[in-house]
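I have placed the structure first, in the form of structure tokens, so that the comments after it can refer back to it.
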Amino acid sequence: MENQLELIEAIAPDTMQVVQERYLVLKNIDWMAPVGRRTLALKLGLTERVLRTETDLLKNLGLIDASKSGMTITPKGKSVMLGLESLMGQYSGMKQKERQVADYFDIEKCVIVAGNSDDEDKVLASFGLMVSESLRTILPDKENVIAVMGGTTMAAVAENMTVLDHKLSNNIFVPARGGIGESVGIQANSVSSTMAAKTGGTSRPLYVPERVSKETYQSLLQEPFVQQVLGLIDESTCVIHSIGRALHMAERRGMSEEEFVMLKESGAVGESFGYFFDKEGNVVYKIPRIGLQLDDLEKVPYILAVAGGAKKARAIKAYMKHAPKQTWLITDESAANEILKEETL
């Protein structure tokens with residue numbers, strides 16, 4: 001059942017919401033029968049016009065009957081309602097868990113994908129689909145600048161994104177930071193370019209190292225093309241980023257032995273935007289870098305944080321203490337369970 005629900009969500013994310021709404025209409029008619037449209041509309045919090053559309057459809061499908069005394073459910077409708085109970089229970093449970101995580105982090109929304117991205121590649125593919133669907137939902141109908149971080153999760157997300165609606169096809173994807181020095185495929189430049197190609201947008205590269213000296217930084221800022229891309233980053237409508245485990249990120253970035261020891265001794269558990277956090281969310285180290293800074297997020301209208309797997313639960317919790325209210329967290333069931341389990345201990 002879980003795999004079936006995941007497949008439905010992947011191919012048509014809005015379908016389950018429609019099914020749930022009609023299931024609730026059937027269930028309330030069954031409870032309240034015979035019931036009039038006005039009474040039912042008040043109970044469900046719908047307008048009579050919206051409810052009329054739904055009940056007319058259910059009547060045409062032979063799932064309900066309508067008479068002067070009110071609406072009743074048919075035997076066929078009862079059978080459909082009972083058949084959906086298990087699926088709706090699972091769907092409602094996932095939605096409740098999403099609300100719990102969003103409330104816990106005090107952010108706008110949480111989207112949970114079934115599975116564990118630690119050992120299931122299909123979950124990473126689902127992240128890409130959910131990011132695409134989220135962009136369709138939140139982006140305004142205008143030219144949007146989308147700043148993108150690098151990393152293995154982000155590279156997997158990019159590869160599995162889908163074409164956006166034609167109204168959103170004029171998006172400009174830009175790397176949120178310099179990244180030359182990492183493996184080419186996971187650099188922010190590569191990720192933003194892939195996202196643009198997959199969604200039908202355009203991209204601008206930022207060919208500068210992530211870590212530079214103060215002198216080199218000032219010199220690079222004088223380059224016209226660097227200034228242009230940094231200007232776009234500063235105007236970002238949306239930022240898409242991941243969250244990493246501190247020591248894993250330190251190793252991947254080839255940080256010095258001295259830095260590695262310092263991170264271990266300071267209890268670093270998570271990293272994002274070049275900032276390393278301990279389990280309380282305190283910043284214990286920051287990499288000097290060109291590009292988006294943590295403080296810049298407050299002025300960005302839409303933020304998608306993508307991270308999953310039980311192993312990343314502590315890293316997610318550490319970073320999310322800094323996440324702006326407008327953040328959407330896209331994660332998996334394994335990480336969500338671990339986050340909520342730790343909260344109840």
Check: Minimum heavy-atom separation for V239 to S236, with atom names?
Finding: CG2-CB, 4.5 Å

Margin query: Are there over 12 heavy-atom neighbours, none belonging to E251, within less than 6.0 Å of that residue's CD?
Written below: no

Next item on the list: Assess whether atom NZ of K27 is packed by more than 12 heavy atoms of other residues, nucleotides or ligands within 6.0 Å.
Entry: yes

Next item on the list: Flag the pair N171 / L139 as yes when at least one side-chain heavy-atom distance between them is below 4.5 Å, and no otherwise.
Entry: yes

Margin query: Parallel, tilted or perpendicular: which one describes the rings of Y319 and F273, with boundaries at 30° and 60°?
Written below: tilted

Check: Is the shortest distance from a Lys or Arg side-chain nitrogen in E98 or K109 to a carboxylate oxygen in the other one below 4.0 Å?
Finding: no

Notebook entry, point to check: Do you know which two heavy atoms are closest between A188 and M149, and how far apart they sit?
Noted result: CB-C, 4.0 Å

Next item on the list: Could you walk me through whether W328 and T137 pass the side chain to side chain contact (heavy atoms under 4.5 Å, CB included) test, one step at a time?
Entry: CA-CA 12 Å; W328 285 29; T137 301; 4.0 Å; yes

Notebook entry, point to check: Is it true that E280 and K321 make a salt bridge, defined as a side-chain N closer than 4.0 Å to a carboxylate O?
Noted result: no

Notebook entry, point to check: Does L42 share a hydrophobic cluster with I64, counting links as ILVMFWY side-chain heavy atoms below 4.5 Å and allowing steps through other members?
Noted result: no

Margin query: Would a single hydrophobic cluster contain both V18 and M94, if residues Ile, Leu, Val, Met, Phe, Trp and Tyr are joined by side-chain heavy-atom contacts under 4.5 Å?
Written below: no

Margin query: Please give me the minimum heavy-atom distance between S69 and P34, naming the atom from each residue.
Written below: O-CB, 3.5 Å

Next item on the list: Indicate yes or no for a side-chain donor-acceptor contact from T331 to the backbone of A336 under 3.5 Å, with no hydrogens or angles considered.
Entry: no

Margin query: I'd like to know if the side chain of R136 pairs up with that of T162 as donor and acceptor (distance under 3.5 Å, no hydrogens or angles considered).
Written below: yes

Notebook entry, point to check: Counting distance only, does the side-chain N/O of S190 pair as donor-acceptor with the main-chain N or O of I186 below 3.5 Å?
Noted result: no

Item checked: Distance (rounded to the nearest 0.5 Å) between N28 CG and T39 OG1 -> 11.5 Å

Check: Do V269 and F276 share a hydrophobic cluster (ILVMFWY, side-chain heavy atoms under 4.5 Å, transitive)?
Finding: no

Next item on the list: Without swapping roles, check the side chain of N116 against the backbone of D118 for a donor-acceptor pair under 3.5 Å.
Entry: yes

Margin query: Under a 3.5 Å cutoff, is there a donor and acceptor pairing between the side chains of Q326 and Y302?
Written below: no

Next item on the list: Please round to the nearest 0.5 Å and tell me the distance separating atom CG of N160 and atom CG of L124.
Entry: 8.0 Å

Margin query: So does M262 get a backbone contact from the side chain of S266, meaning a donor-acceptor N/O pair under 3.5 Å?
Written below: yes

Notebook entry, point to check: Under 4.5 Å between any side-chain heavy atoms of L329 and I107, yes or no?
Noted result: yes

Note to self: Working to the nearest 0.5 angstrom, can you tell me the gap between L297 CG and S272 OG?
What the structure shows: 8.0 Å

Next item on the list: Could you walk me through whether K317 and K279 pass the side chain to side chain contact (heavy atoms under 4.5 Å, CB included) test, one step at a time?
Entry: CA-CA 7 Å; K317 290 182 71 172; K279 66 178 182 178; over 6 Å; no

Margin query: More than 12 heavy atoms of other residues, nucleotides or ligands under 6.0 Å from CD of E298: yes or no?
Written below: yes

Item checked: pair F173-T202: side-chain heavy atoms closer than 4.5 Å -> no

Notebook entry, point to check: Nearest 0.5 Å, what's the NE2-NZ distance between H248 and K311?
Noted result: 10.0 Å

Notebook entry, point to check: Between OG1 of T327 and CG of L304, what distance do you get to the nearest 0.5 Å?
Noted result: 8.5 Å

Margin query: Please check this pair: side chain of N144 against backbone of K142, looking for a donor-acceptor N/O pair closer than 3.5 Å.
Written below: yes

Notebook entry, point to check: Would you say Q20 and L84 make side-chain contact, with heavy atoms under 4.5 Å?
Noted result: no

Check: If you group Ile, Leu, Val, Met, Phe, Trp and Tyr by side-chain heavy-atom gaps below 4.5 Å, do L57 and L44 land in one group?
Finding: yes

Check: Could you walk me through whether M130 and I330 pass the side chain to side chain contact (heavy atoms under 4.5 Å, CB included) check?
Finding: CA-CA 8 Å; M130 289 301 104; I330 298 175; 4.1 Å; yes

Next item on the list: Please step through side chain to side chain contact (heavy atoms under 4.5 Å, CB included) for the pair R204 and L232, ending with a clear verdict.
Entry: CA-CA 9 Å; R204 302 284 190 279; L232 286 172; 3.8 Å; yes

Check: With distance as the sole test, does S334 use its side chain to make a donor-acceptor pair with the main-chain N or O of G309 at under 3.5 Å?
Finding: no

Item checked: I316 vs I339 side-chain heavy atoms within contact, under 4.5 Å -> yes

Notebook entry, point to check: Looking at H322 versus Y275, is the centre-to-centre ring distance below 6.0 Å?
Noted result: no

Note to self: Heavy-atom count check: over 12 atoms from other residues, nucleotides or ligands less than 6.0 Å from K286 NZ?
What the structure shows: yes

Next item on the list: Check V148 against V191 and note the closest heavy-atom contact, atom names and distance.
Entry: CG1-CG1, 3.4 Å

Note to self: Determine whether a donor-acceptor pair (N or O, by modelled atom type, separation under 3.5 Å) exists between the side chain of D56 and the backbone of T53.
What the structure shows: no

Notebook entry, point to check: With a 4.5 Å heavy-atom cut-off, do D65 and M71 have their side chains touching?
Noted result: no

Notebook entry, point to check: Judged by atom type as modelled, is there a donor-acceptor pair below 3.5 Å linking the side chain of K312 to the main-chain atoms of I243?
Noted result: yes

Note to self: Between N337 and E333 (side chain of the first, backbone of the second, donor and acceptor by atom type, cut-off under 3.5 Å), is there such a pair?
What the structure shows: yes

Margin query: Quick check: do I287 and E259 have side-chain heavy atoms less than 4.5 Å from each other?
Written below: no

Next item on the list: Kindly give the heavy-atom pair with the smallest separation between M81 and Y23, and that separation in Å.
Entry: O-CE1, 3.4 Å

Next item on the list: Report whether I29 and L46 are members of the same hydrophobic cluster (ILVMFWY, side-chain heavy atoms less than 4.5 Å apart, transitive linking).
Entry: yes

Check: Nearest 0.5 Å, what's the CZ-OG1 distance between F127 and T153?
Finding: 7.5 Å

Check: Which pair of non-hydrogen atoms, one from P205 and one from N189, has the smallest distance, and what is that distance?
Finding: CA-OD1, 3.3 Å

Notebook entry, point to check: How about K59 and L63: do any of their side-chain heavy atoms sit closer than 4.5 Å?
Noted result: no

Note to self: Tell me if a side-chain donor or acceptor on D332 pairs with a main-chain N or O of V113 at a distance below 3.5 Å.
What the structure shows: no

Note to self: salt bridge (charged side-chain N to carboxylate O under 4.0 Å, His left out), that's the test. Do K325 and E108 meet it? Break it down for me.
What the structure shows: CA-CA 6 Å; K325 179 80 173 180; E108 186 170 332; over 6 Å; no

